[in-house]
Amino acid sequence: MTQNEALFREVNERVQDHAEAGAVGVYDYFCECANLDCTFRVRLAPAQYESIRADPKQFVVLPLHYTPEVETLVAEHDTYWIVRKTGEAGEYVANVDPRSR
Ligand SMILES: [Zn+2]
């Protein structure tokens, strides 16, 4: 499951690269929840994504796309929630963080 989030994070990193090049307004980031089949998008300003992303264990998900077994809820906003991976899942995502390579 956690590999899925790591994969979507890689995709979102490319969205973020693009966004920073010409950044105004909001961009569509992939929901980074634990559901393998989830392909919903989360609309965020690049600065919002960046602030979530600054912590490698934090992920952006749609409201209610939250899996209490592997993560804790950090913040609830109208259009997105922020979750933090715990335990082994947290270690895994920190290790595969594209920015730590
Ligand atoms: Zn989702």
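Order of appearance sets the numbers: ligands from 1, and atoms from 1 within every ligand. We're numbering straight along the sequence, starting at 1.
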Undergrad: Indicate yes or no: at least one non-hydrogen side-chain atom of E91 is less than 4.5 angstrom from one of K85.
TA: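 No, side chains not in contact.
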Undergrad: Could you check V60, T39, L62 and say which one makes a side chain to side chain contact (heavy atoms under 4.5 Å, CB included) with C31?
TA: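 Exactly one option meets the side chain to side chain contact (heavy atoms under 4.5 Å, CB included) with C31, and it is L62.
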Undergrad: Locate the shortest heavy-atom distance separating V83 from V74; write the atom from each residue and the value.
TA: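 Distance-wise, the nearest heavy atoms are C-CG2, 4.0 Å.
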Undergrad: Are any non-hydrogen side-chain atoms of R41 and Y29 less than 4.5 angstrom apart?
TA: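 R41 vs Y29: side chains apart.
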Undergrad: Just to verify, which of E13, Q58, Q16 counts as forming a side-chain hydrogen bond (donor to acceptor under 3.5 Å, both in side chains) with R53?
TA: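 The single option meeting the side-chain hydrogen bond (donor to acceptor under 3.5 Å, both in side chains) with R53 is E13.
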Undergrad: Taking all non-hydrogen atoms of both residues into account, name the closest pair between R9 and D55 and its distance.
TA: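 Minimum heavy-atom contact is NH2-O, 4.3 Å.
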Undergrad: Using a cut-off of 2.8 Å, find all protein N, O or S atoms closer to the Zn ion (ligand 1) than that distance.
TA: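 Short answer, with waters excluded from the count: C31 SG, C33 SG, C38 SG, H65 ND1.
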